[in-house]
Amino acid sequence: MKLIRNAAFFIALVMLITSAVLAAPSVDTSLRIYDYDGLIPETGLTALREKAAMLSDGLGIEFVAVISGEGWSDSAEQSAKDFYIENSFGTEPEYSGMVLFIDMVAREIYIATEGSCEQLLNAGDIDTLLDIVIEDLTSGSAEYISNAVDTYLDESYALMSKRLADYTSGTGYTDPKAEHPNYPENTSHEKPDYFTNLKRFSSDNTALWLGGSALAAGLVVAIMLFLNSRQLKKVPGAAEYIRPGSLVQTHSVDRFLFTHTTRRQINTDSNSGRGSSGGGSSGGRSMGGGGKRF
C-alpha cells in the first residue's frame with residue numbers, strides 16, 4: 001500500500017511539472033494576428049501580420065488581434081484578456097499593448113489594454129476605436145474582416161503615437177524607460193528571449209513533453225516496484241479466515257424506520273445581474289478596455 005501511495009505521488013508530481021511547462025503559450029506570439037474562423041485569405045493575413053510587427057516594434061507597444069469562431073465559451077472581454085495574458089503579450093516592464101477580439105458567434109468586439117495603453121487611453125478613445133472598427137465589420141465588403149483589422153492597426157497606432165508624444169513632452173504621463181516614438185526605426189522594446197523561446201519550444205513540442213514525462217514516470221515506478229518486490233511479505237488470503245462449514249453471510253440490507261428532513265432557505269443576491277465596465281483583472285493582472293456588439 002505504501003508503495004502504491006509513493007508511486008501515485010511521484011506520477012502526480014511529474015504530471016504537475018509537465019502541466020506547468022505545457023501552460024506556455026499555445027500560439028506563435030510573433031504573429032500577433034490570429035484568424036481562428038478562416039475569414040482572412042492567407043495573403044491578406046500575412047500582410048496584416050507584417051504590418052502588426054512593424055507597428056509594434058516601431059512604437060514599443062504590441063498590437064494584437066484575434067478573430068474567433070466556434071469553441072470560445074467565455075465572453076469577448078474575458079477571452080481577449082485571457083488570450084493576451086496567457087500568451088505573454090505586451091512589452092516590458094508594464095506589458096504595454098492592446099488586443100482586439102472579434103467574436104463572430106456572439107457578434108461582439110472587445111479591445112483590452114494594458115500598461116501604457118491602459119494608462120493613456122480613456123473610455124472615449126476606446127469607444128472611438130470600436131466605432132471605427134464596427135464600420136468596417138458592417139460595411140458589407142467582401143474583405144470586411146481584413147479591413148476591420150487593418151483599420152484597428154492604423155487607428156490604434158496613430159492614437160497611441162499622439163498620446164505618447166503628448167505625455168512624454170511633459171504634459172502628463174512620462175515613462176523614463178520609454179523612448180520617444182520613432183516609427184518604424186524604434187525597436188528597443190523587446191521581450192525577454194529566454195522565457196519566450198522556452199515557451200515557444202514547449203508549445204511546439206507538446207507530444208515530446210508528454211511522451212518524455214510518461215516514460216520517466218513509468219521508469220521510476222518500475223524501479224520502485226523492483227526494489228520493493230524483495231521486501232514484500234506474503235499476506236493471507238480471505239479464504240484462510242473462513243472455517244469450512246461455518247455460516248457465510250451472502251446478503252445484507254438496512255431498514256430505516258424513521259426519516260428526518262431539515263430545510264433551510266438560501267438567500268440570493270437580487271443585484272447579481274451582469275454589466276459592463278471599463279476595466280478588470282485577469283490572471284492577477286489589471287487590464288482596461290471596452291466592447292460593443294455589431
Side-chain angles (χ1 to χ4, degrees), residues 25 27-35 40 44-67 80-81 83-85 87-102 109-133 136 146-193 195-196 278-279 285-290:
V27 300
D28 183 353
T29 56
S30 66
L31 299 179
R32 294 186 175 91
I33 309 297
Y34 308 90
D35 180 14
I40 303 177
L45 189 59
T46 300
L48 289 172
R49 286 170 171 170
E50 292 176 351
K51 186 174 187 177
M54 181 178 63
L55 298 181
S56 298
D57 294 339
L59 203 57
I61 293 174
E62 282 208 284
F63 297 100
V64 183
V66 181
I67 299 94
K81 294 178 179 180
F83 188 88
Y84 188 89
I85 291 176
N87 290 290
S88 302
F89 285 107
T91 57
E92 297 291 349
E94 299 175 328
Y95 305 102
S96 295
M98 56 198 305
V99 54
L100 167 68
F101 192 92
I102 305 178
I109 66 174
Y110 193 91
I111 294 178
T113 59
E114 191 171 14
S116 59
C117 292
E118 180 184 6
Q119 297 175 33
L120 299 181
L121 299 181
N122 56 40
D125 294 330
I126 298 297
D127 196 62
T128 299
L129 289 175
L130 291 171
D131 289 339
I132 296 175
V133 173
D136 285 324
S146 299
N147 294 338
V149 176
D150 189 61
T151 297
Y152 153 75
L153 292 174
D154 286 337
E155 296 298 329
S156 299
Y157 176 84
L159 184 57
M160 280 304 301
S161 294
K162 184 178 185 305
R163 291 289 182 267
L164 284 171
D166 290 342
Y167 285 100
T168 54
S169 64
T171 59
Y173 169 82
T174 58
D175 182 1
K177 296 185 179 180
E179 298 180 6
H180 187 77
N182 184 23
Y183 170 79
E185 289 81 5
N186 178 11
T187 59
S188 60
H189 299 271
E190 298 180 354
K191 299 171 66 174
D193 292 333
F195 291 104
T196 299
R285 283 161 53 180
S286 174
M287 298 188 70

**Report entry** Beyond-backbone contact of Glu155 with Val133, side-chain heavy atoms, under 4.5 angstrom
**Finding:** no

Query raised in the report: If you look at every heavy atom in Ser116 and Glu94, which pair is closest and at what distance?
Result: N-OE1, 3.9 Å

Report summary line: Closest non-hydrogen atoms of Leu59 and Phe63, given as atom of the first, atom of the second and distance, are CD2-CZ, 4.0 Å

Query raised in the report: With sequence neighbours excluded, what pairs up with Asp125 under the salt bridge (charged side-chain N to carboxylate O under 4.0 Å, His left out) test?
Result: Arg163

Report summary line: For Ala65 and Tyr152, the nearest pair of non-hydrogen atoms, with its separation, is CB-CE2, 4.1 Å

Query raised in the report: Are Asp35 and Val149 side-chain neighbours, meaning at least one heavy-atom pair lies under 4.5 Å?
Result: no

Query raised in the report: Atom CD1 of Ile67 and atom CZ of Phe101: how far apart are they, to the nearest 0.5 Å?
Result: 9.5 Å

Query - Flag side-chain contact, heavy atom, 4.5 Å: Leu164 against Ile61 - result: yes

**Report entry** Minimum-distance pair of heavy atoms, taken over all atoms of Gly288 and Lys81
**Finding:** O-CE, 4.3 Å

Report summary line: CG (Asp150) and NZ (Lys51) are apart, to the nearest 0.5 Å, by 3.5 Å

Query raised in the report: Looking at residues at least two apart in the chain, or sitting in another chain, which of them share a side-chain contact (heavy atoms from CB on, under 4.5 Å) with Ala52?
Result: Arg32, Ile33, Leu153

Report summary line: When rounded to the nearest 0.5 Å, the distance separating OG of Ser146 from CG of Leu48 is 5.5 Å

Query raised in the report: Could you give the distance from CG (Leu55) to CG (Asp154), rounded to the nearest 0.5 Å?
Result: 7.0 Å

Report task. Using a 4.5 Å cut-off on heavy atoms from C-beta on, say whether the side chain of Thr29 contacts that of Glu62. Result -> no

Requested in this report: Of all the heavy-atom pairs spanning Arg49 and Tyr34, show the shortest one and how long it is.
Outcome: NH2-CA, 4.4 Å

**Report entry** Spacing of Asp131 atom CG and Ile109 atom CD1 [to the nearest 0.5 Å]
**Finding:** 8.0 Å

Report task. State, with a plain yes or no, whether a side-chain heavy atom of Phe89 is found less than 4.5 Å away from one of Val99. Result -> no

Report summary line: Separation between CG (Leu31) and OG1 (Thr46), nearest 0.5 Å, reads 9.0 Å

Requested in this report: Search all heavy atoms of Glu118 against all heavy atoms of Ser286 and return the closest pair with its distance.
Outcome: OE1-O, 3.4 Å

**Report entry** Listed partners of Tyr95 passing ring pair (Phe, Tyr, Trp, His ring centres under 6.0 Å), at least two apart
**Finding:** none

